[in-house]
Amino acid sequence: MYKGIAASRGIGIGSICRIVEQDLSFEAKLVSDTAAEKDRFQKAIDDFVEETFAVAEDVRKNIGPQEADILMGHAVMIQDPAMSGEMLSMIDAGQCAESALTSVCDMFHGMFSAMDDEMMRQRASDIADVKVCILKKLLGIQDVEISNVAPGTVLVCKDLTPSMTSQIVKENVTGIITETGGVTSHSAILARALEIPAVLSVPGIVDLVEDKDTAIVDGTAGDAFINPDGDVLAQYLIKREEYIKKQAELKKFIGKETLTADGDKLEIFCNIGTPKDAKKAMECDGEGVGLFRTEFLFMDNTHLPTEEEQFEAYKEALQTMEGKTVIIRTVDIGGDKDIPYMDFEKEDNPFLGFRAVRYCLANTDMYKTQLRAIVRASAFGTAKIMVPLVTNVEEVRQVKKLVEDIKNDLRKEGIAFDEGVEVGCMMETAASTMIADLLAKEADFFSIGTNDLTGYTMGVDRGNAKVAYLYSAFEPAVLRSIKRIIECGKAEGIPAGMCGEAAADPLMIPLLMSFGLDEYSVNPVLVLTARCIISKWTKAEADALAEKVLAMDTQEEIVAALRAAAKE
């Protein structure tokens, strides 16, 4: 058995097809006819962009808008003057197109790979994919035809790039194993969208297998078996049938309210990153949007997004959700994200530095532009404003004051908006936990971001493998923090939601039910799973389990108890 990262749920059994990286070596030579070399380079880019747009449109129709946008982002990236302009300058200086492409892409890849922010590190993977695609065009190398693999194929490769994934015929590929990638990588996102079981980050797997080997891919547990014995194969054939039955069971929850076993109503919202993701939330039966990340407007741009650009994006999401709640998180940027035109100062520890609401309140012109766009967009649906990285009451008061000033301005200008637009706190710091009772008096709602709450509470960098064992929402300190936040919200009559990954964890859900969580915001594809699990628990059962768990001393004891009680 090979252990990796469980990236896309399900069990796939089939015959391996290895995707071996092609030889992209070239001779780095000087060129004298730079005009001709630039024409050759530009043609490679033009061909890449044209093909990418065509593939993205197919992906949009057959997989979804979020996945298509990943590909579109590649086309936009290579046309960015910061990249292509530097490459053309190098060609003007006599470098061949291959050298110019490789040098600039490698420079950006190194820069993004070194960043703490996971979203920015993912940019490094995008750049590597773009480099390979264009280098193949310059060298006249054809792509591997993944679309031609036989039914029952398990793809094994170093990394499943978006350009590869766009070729996959879903009916033919039963599983994916890669050497790189994580839960939030494009490989994982695309595998989940295609509903293909995937195990990522299995070291050296490409060299450890042969074509036609039999493989089992357990994308739920993160396990991969190569040429398993008869007993293991029989065991997994049964598991696969059980999983298929469970998936069929989930379809019964489409269009249903989210109800506990004793009839209490809760809500399953979705996390989205772009306006187009709202369509996926609706398709997956989400009851609202619990987290709309707005960073894409700033990061996928060459200038500060204008009020109109932001207004149109928020309006699109609100209209797509057809009146359902959309919680818009104000921009969470700072020294942890590299946005060239914003000229952030380098900080030794950006995650404890000048970012999120701290940065926004010190740059009120930029912040008021965003808040004004959100308030204007509230006329087209049910918008709520969420403030990230709150650590004191004054931050919330200042944001609310800015919102009231904006409302007054819009009234004078005769511009419509929702008078009742709410302002809430993203509860993700130890400080916000300790003053949750005070914040509940100021905020209209709480939303718990368990990813950062776990990191800040435990004092752990989740990217540091040496302390990864401490990064768990099941640590007693984190569970008690979550419970306190919800209780403080309840005491002041405000709702509490959760937009971190723990909201969709089958083991965590009964605890959250006991604590009194009102809204669970999850990846759209997990809406029905969360709804199904909630339907199996009564409040009394959840309370009994929570009481038992909260008396335990360690994460290991807690997880064992929750697994023993699980109702999947």
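Computed from a predicted model, the values in this text were never measured in an experiment.
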**Heavy-atom pair of closest approach, residues Ala416 and Ala379** = O-CB, 3.8 Å
**Message:** Walk me through whether Cys360 and Met366 qualify under side chain to side chain contact (heavy atoms under 4.5 Å, CB included).
**Reply:** CA-CA 7 Å; Cys360 290; Met366 179 208 75; 3.8 Å; yes
**Prompt:** More than 12 foreign heavy atoms under 6.0 Å from CD of Glu309: is that the case here?
**Reply:** yes
**Request:** Tell me, yes or no, whether the heavy-atom count around Arg411 atom CZ, taken from other residues, nucleotides or ligands under 6.0 Å, exceeds 12.
**Result:** yes
**Prompt:** Which residues pass the side chain to side chain donor-acceptor pair (under 3.5 Å) test with Arg329, sequence neighbours left out?
**Reply:** Glu295
**Asked** Between the main-chain N or O of Ile238 and the side-chain N or O of Glu241, is there a donor-acceptor pair closer than 3.5 Å?
**Response** no
**Complete:** Partner of Lys239 under side-chain contact (heavy atoms from CB on, under 4.5 Å), picked from Thr220, Ile244, Ile11, is Ile11
**Request:** Check for a donor-acceptor pair, side chain of Asp264 on one end and backbone N or O of Thr260 on the other, with a separation under 3.5 Å.
**Result:** no
**Fill in**
With sequence neighbours left out, the residues meeting side-chain contact (heavy atoms from CB on, under 4.5 Å) with Ser201 are Ile5
**Prompt:** Is Lys265 atom NZ crowded by more than 12 heavy atoms from other residues, nucleotides or ligands, each under 6.0 Å away?
**Reply:** yes
**Message:** I'd like to know if the side chain of Asp518 reaches the main chain of Ala496, judged simply by a donor and an acceptor atom lying under 3.5 Å from each other, with no hydrogens or angles considered.
**Reply:** yes
**Where at least one partner belongs to residues 520-568, residue pairs that pass ring pair (Phe, Tyr, Trp, His ring centres under 6.0 Å), sequence neighbours excluded** = none
**Complete:** Scanning both residues in full, the closest heavy-atom pair of Ala281 with Ile272 reads CB-CG2, 4.4 Å
**Asked** Backbone N or O of Gly516 within a donor-acceptor pair of the Lys490 side chain at under 3.5 Å?
**Response** yes
**Request:** Any side chain to side chain donor-acceptor pair (under 3.5 Å) involving residues 358-369? Give me the pairs, sequence neighbours left out, ordered by first then second residue.
**Result:** Thr330-Tyr367
**Item:** Side chain proximity check, Ile448 to Ile486, heavy atoms < 4.5 angstrom
**Value:** yes
**Message:** Does Tyr456 form a side chain to side chain contact (heavy atoms under 4.5 Å, CB included) with Leu352? I'd like the steps, not just the answer.
**Reply:** CA-CA 9 Å; Tyr456 286 128; Leu352 298 179; 3.7 Å; yes
**Item:** Partners meeting salt bridge (Lys or Arg N to Asp or Glu O under 4.0 Å) with Lys483 (sequence neighbours left out)
**Value:** Glu487
**Message:** Just so I know, are the side chains of Tyr314 and Ser378 near enough to count as touching, which here means a heavy-atom distance under 4.5 Å?
**Reply:** no
**Prompt:** Going through the checks in order, is the salt bridge (charged side-chain N to carboxylate O under 4.0 Å, His left out) test met by Lys245 and Glu242?
**Reply:** CA-CA 5 Å; Lys245 287 178 182 177; Glu242 290 174 346; over 6 Å; no
**Prompt:** Under a 4.5 Å cut-off applied to non-hydrogen side-chain atoms, are Phe515 and Leu550 in contact?
**Reply:** yes
**Request:** Quick one: pull up CG in Leu304 and CZ in Phe298 and give me the separation to the nearest 0.5 Å.
**Result:** 6.5 Å
**Prompt:** According to the salt bridge (charged side-chain N to carboxylate O under 4.0 Å, His left out) rule, which pairs have a member within residues 373-385, sequence neighbours left out?
**Reply:** Glu307-Arg376, Glu308-Arg376, Lys384-Glu422
**Message:** So Leu259 and Ile534, do their side chains get closer than 4.5 Å, heavy atoms only?
**Reply:** no
**Message:** Can you confirm whether more than 12 heavy atoms, excluding those of Lys567, are under 6.0 Å from its NZ atom?
**Reply:** yes
**Message:** Distance alone, cut at 3.5 Å: any donor-acceptor contact between the side chains of Glu557 and Thr554?
**Reply:** yes
**Complete:** Residues passing the side chain to side chain donor-acceptor pair (under 3.5 Å) test with Thr294, sequence neighbours excluded, are Gln370
**Request:** Grab the two heavy atoms, one from Ala504 and one from Leu526, that are nearest each other, plus how far apart they are.
**Result:** CB-CD1, 3.7 Å
**Request:** Output the distance between atom CZ (Arg480) and atom OG1 (Thr457), rounded to the nearest 0.5 Å.
**Result:** 13.0 Å
**Message:** Counting C-beta onward and ignoring hydrogens, is there a side-chain heavy-atom pair between Arg9 and Lys246 closer than 4.5 Å?
**Reply:** no
**Complete:** CG of Leu361 to NZ of Lys401, rounded to nearest 0.5 Å, is 12.5 Å
**Counterpart residues, side-chain contact (heavy atoms from CB on, under 4.5 Å), relative to Ser521 (two or more places apart)** = Phe269, Asn271, Cys499, Glu519
**Asked** So do Thr450 and Ile482 actually touch side chain to side chain, heavy atoms under 4.5 Å?
**Response** yes
**Asked** Salt-bridged, Asp285 to Lys256, with N to O below 4.0 Å?
**Response** no
**Asked** Do Thr320 and Pro275 come close enough that some side-chain heavy atom pair is under 4.5 Å?
**Response** no
**Asked** Residues two or more places apart in sequence or in another chain: which of them pass side chain to side chain donor-acceptor pair (under 3.5 Å) with Asp444?
**Response** none
**Asked** Do Glu267 and Lys324 sit within salt-bridge range, that is, some charged N less than 4.0 Å from a carboxylate O?
**Response** no
What pairs of donor and acceptor atoms, side-chain ones from residues 433-442 against any protein atom, are under 3.5 angstrom apart with sequence neighbours left out?
unit_1: Thr433; atom_1: OG1; unit_2: Thr429; atom_2: O; d: 3.2
unit_1: Asp437; atom_1: OD1; unit_2: Arg484; atom_2: NH2; d: 3.4
unit_1: Lys441; atom_1: NZ; unit_2: Glu492; atom_2: OE2; d: 2.9
unit_1: Glu442; atom_1: OE2; unit_2: Arg397; atom_2: NE; d: 2.9
unit_1: Glu442; atom_1: OE2; unit_2: Arg397; atom_2: NH2; d: 3.1

**Message:** Quick check against the 3.5 Å criterion: does Asn408 have a side-chain atom that pairs as donor or acceptor with the backbone of Asp405?
**Reply:** no
**Item:** All ring-ring contact (aromatic ring centres under 6.0 Å, His included) counterparts of Phe380, not counting sequence neighbours
**Value:** Phe311
**Prompt:** If you measure from CD on Glu249 to OG1 on Thr529, what distance do you get to the nearest 0.5 Å?
**Reply:** 10.0 Å
**Message:** Tell me the closest heavy-atom pair linking Leu512 and Ala502, and the distance in Å.
**Reply:** CD1-O, 4.1 Å
**Message:** Nearest 0.5 Å, please: how far is NZ in Lys252 from SG in Cys532?
**Reply:** 7.5 Å
**Prompt:** Which is it for Val527 and Glu287 under the side chain to side chain contact (heavy atoms under 4.5 Å, CB included) test, yes or no, and what are the steps along the way?
**Reply:** CA-CA 9 Å; Val527 167; Glu287 296 169 90; 5.9 Å; no
**Message:** Restricting to side chain to side chain donor-acceptor pair (under 3.5 Å), what partner residues turn up for Asp543, sequence neighbours left out?
**Reply:** Ser514, Lys539
**Prompt:** What do you reckon, is CD of Glu547 surrounded by more than 12 foreign heavy atoms closer than 6.0 Å?
**Reply:** no
**Distance-minimising heavy-atom pair for Leu507 and Ala566** = CD2-CB, 4.0 Å
**Asked** Closest heavy-atom contact between Ala6 and Ala221?
**Response** CB-C, 3.9 Å
**Thr454/Val460 under side chain to side chain contact (heavy atoms under 4.5 Å, CB included): CA gap, chis, key distance, verdict** = CA-CA 8 Å; Thr454 301; Val460 170; over 6 Å; no
**Message:** Counting C-beta onward and ignoring hydrogens, is there a side-chain heavy-atom pair between Leu528 and Ile254 closer than 4.5 Å?
**Reply:** yes
